[in-house]
Amino acid sequence: MFAPSIRRFAPLSLTLVALGLSACGTTSSGPAQRIAVVEEDTQGTSTVNIASLSDVIQRNPNDPSAYNTRGAAYARVGNYSSAMADFTKAVQLDPNYAPAYTNRALALRQTNRNDQALADFSRAIQADPNYGPAYIGRANLYRAQNQFQEALSDLNMATRLLPESAEALHSRGLLYQRQGMHQQAILDFDATIDRNPFVGAPYAARGQSLVATNQYDKAIEDFNAALNVDSKDANSWAWRGVAMERKGDRSQALESYSRALTIDNSNSVARQGSSRLQGGVAGLFRS
């Protein structure tokens, strides 16, 4: 998600986009996760909002924040070209407007233009060295590119600027997890959940690190919590299966793998787990 300002897992408002959270697999067999994501507008409210925001721009054609806000609404409905046009207009009006550079960078990430996104995150930081969301966005991009030291530096800065930011702590937890530093990751996921216990991704991510440190019962509790938020989260079902399998509960593991594959038949963690427990038969019948 995109944001003019960091929010703590609150529901996305109609006019803002925010930095998103996603779980990250701890094994190479896990599916790749997108770092910047936009919440879908399933009720058509953003379209109505865009019209009202256009009216605001007509009345205030030189207000960069108005373009930035409408750009966020465009991004939410997947209209990235219009979103980037609005973000670009915002920085033309105010070359030091860090939120618009950050939002344009996130839109560029959505369209796989990572080099341009990196440049925009850096422009945002140059414009306002105290703008935390830009550090988080750039760190997530660095993590995706395996530039771990650069990512950690940005996230440490973000947590200093925004000590209550769940996004910054979650992102740093994912970074530690990616490097196999699971105890540090668990501490950051703990802090993320303390700040807001009502989002599934930090539970799912912490569960994977708990599996990696052989804490299977705790991991299962976390996957259950993630599934309470989103019962169609195939990855949490799959990793719940891993925890059950390693705990020795074969039937529960198979059930979890089956639930994951019903939701996403391409989930590699569930496919491999189901195949292991069924002696390779699962792989023959699920194409």
Problem set entry | Donor-acceptor contact present, side-chain T159 to main-chain N156, <3.5 Å | yes
Exercise. Does the side chain to side chain contact (heavy atoms under 4.5 Å, CB included) test come out yes or no for R113 and M84, once each step is laid out?
Worked result: CA-CA 12 Å; R113 286 178 272 182; M84 284 188 280; 2.8 Å; yes
For this session: Decide side chain to side chain contact (heavy atoms under 4.5 Å, CB included) for Q184 and Q179; before the verdict, give the C-alpha distance in whole Å, the side-chain angles of both, and the deciding distance to 0.1 Å.
Result: CA-CA 10 Å; Q184 294 95 319; Q179 298 175 87; over 6 Å; no
Problem set entry | Any donor-acceptor N/O pair, N60 side chain to D63 backbone, under 3.5 Å | no
Exercise. Crowded around N146 CG? As in, over 12 foreign heavy atoms under 6.0 Å?
Worked result: yes
Exercise. Honestly curious: do V211 and L277 fall in one hydrophobic cluster under the side-chain, below-4.5 Å linking rule?
Worked result: yes
Exercise. In a check of side-chain contact (heavy atoms from CB on, under 4.5 Å) between F121 and each of I136, L106, N140, which one passes?
Worked result: L106
Exercise. What distance do S258 atom OG and E255 atom CD have between them, rounded to the nearest 0.5 Å?
Worked result: 8.0 Å
Problem set entry | Qualifying residue for side-chain contact (heavy atoms from CB on, under 4.5 Å) with Y142, from L155, L152, D154 | D154
Exercise. What distance do T69 atom OG1 and I57 atom CD1 have between them, rounded to the nearest 0.5 Å?
Worked result: 8.5 Å
Exercise. Is there a chain of hydrophobic side chains (I, L, V, M, F, W, Y, each step under 4.5 Å between heavy atoms) that links V229 to I263?
Worked result: no
Problem set entry | Rounded distance (nearest 0.5 Å) linking atom CD of E164 with atom CG of D194 | 10.0 Å
For this session: Taking atom CD of Q92 as the centre, report whether more than 12 heavy atoms of other residues, nucleotides or ligands fall under 6.0 Å from it.
Result: yes
For this session: Give, for atom CD of Q272 and atom CG of N267, the distance between the pair rounded to the nearest 0.5 Å.
Result: 9.0 Å
Exercise. How about D55 and Q58: do any of their side-chain heavy atoms sit closer than 4.5 Å?
Worked result: yes
For this session: Kindly work out whether a path of hydrophobic side-chain contacts (I/L/V/M/F/W/Y, heavy atoms less than 4.5 Å apart) joins V56 to Y67.
Result: no
Exercise. Got L210 and I186 here, is their nearest side-chain heavy-atom distance under 4.5 Å?
Worked result: yes
Exercise. Are the side chain of S171 and the backbone N or O of A168 linked by a donor-acceptor pair below 3.5 Å?
Worked result: no
Seminar exercise, completed: Here the pair of heavy atoms bringing A260 nearest to A270 is CB-CB, 3.6 Å
For this session: Nearest 0.5 Å please: distance from the OG atom of S274 over to the CD atom of E245.
Result: 9.5 Å
For this session: Without swapping roles, check the side chain of Y135 against the backbone of N130 for a donor-acceptor pair under 3.5 Å.
Result: no
Exercise. Yes or no on side chain to side chain contact (heavy atoms under 4.5 Å, CB included) for Y216 and V242, after CA distance, side-chain angles and deciding distance?
Worked result: CA-CA 9 Å; Y216 305 127; V242 173; over 6 Å; no
Seminar exercise, completed: Note: D120 and A105 closest approach over all heavy atoms is CB-CB, 3.6 Å
For this session: Indicate the atoms forming the closest heavy-atom contact of S209 with A185, along with that distance.
Result: OG-CB, 3.8 Å
For this session: Using modelled atom types only, decide if a donor and an acceptor are shared between the side chain of Y203 and the backbone of F198 within a distance under 3.5 Å.
Result: no
Seminar exercise, completed: Heavy-atom closest pair (Y97 atom, A90 atom, distance to 0.1 Å) is CD2-CB, 4.1 Å
Problem set entry | Contact check, side chains of K247 and Q252, non-hydrogen atoms, under 4.5 Å | no
Exercise. Checking R178 side chain against R143 main chain: does a donor-acceptor pair fall under 3.5 Å?
Worked result: yes
Exercise. Rounded to the nearest 0.5 Å, what separation is found between the OG1 atom of T262 and the NZ atom of K232?
Worked result: 11.5 Å
Problem set entry | Set of residues satisfying ring pair (Phe, Tyr, Trp, His ring centres under 6.0 Å) with respect to F189, sequence neighbours excluded | H170
For this session: Would you mind reporting whether I50 and V77 have side-chain heavy atoms less than 4.5 Å apart?
Result: yes
Exercise. Does any N or O in the side chain of R271 come within less than 3.5 Å of the main-chain N or O of N265, such that one atom is a donor and the other an acceptor?
Worked result: yes
Exercise. Between the side chain of Q177 and the main-chain N/O of A205, is any donor-acceptor distance below 3.5 Å?
Worked result: yes
Exercise. Would L174 and Y176 count as a side chain to side chain contact (heavy atoms under 4.5 Å, CB included) if you check the C-alpha gap in whole Å, the side-chain angles of each, and the deciding distance to 0.1 Å?
Worked result: CA-CA 5 Å; L174 293 176; Y176 285 138; over 6 Å; no
Exercise. Is a side-chain N or O of W237 found less than 3.5 angstrom from the main chain of F223, in a donor-acceptor match?
Worked result: no
Exercise. Quick one: do the Y101 and Q126 side chains pair a donor with an acceptor below 3.5 Å?
Worked result: no
Seminar exercise, completed: Taking every heavy atom of D222 against every heavy atom of G207, the minimum-distance pair comes out as OD2-N, 3.7 Å
Problem set entry | Step-by-step side-chain hydrogen bond (donor to acceptor under 3.5 Å, both in side chains) determination, S81 to N79 | CA-CA 6 Å; S81 60; N79 187 346; 3.3 Å; yes
Exercise. Looking at side-chain heavy atoms only, is the closest gap between T192 and R206 below 4.5 Å?
Worked result: no
Exercise. With the 4.5 Å side-chain cut-off for hydrophobic clustering, are L162 and M157 part of the same group?
Worked result: yes
Exercise. Do side-chain atoms of T102 reach the backbone of A98 as a donor and acceptor pair under 3.5 angstrom?
Worked result: yes
Seminar exercise, completed: All heavy atoms of S54 vs all of R70, minimum pair found to be OG-NH1, 2.9 Å
Problem set entry | 4.5 Å side-chain heavy-atom contact, L187 and Q183 | no
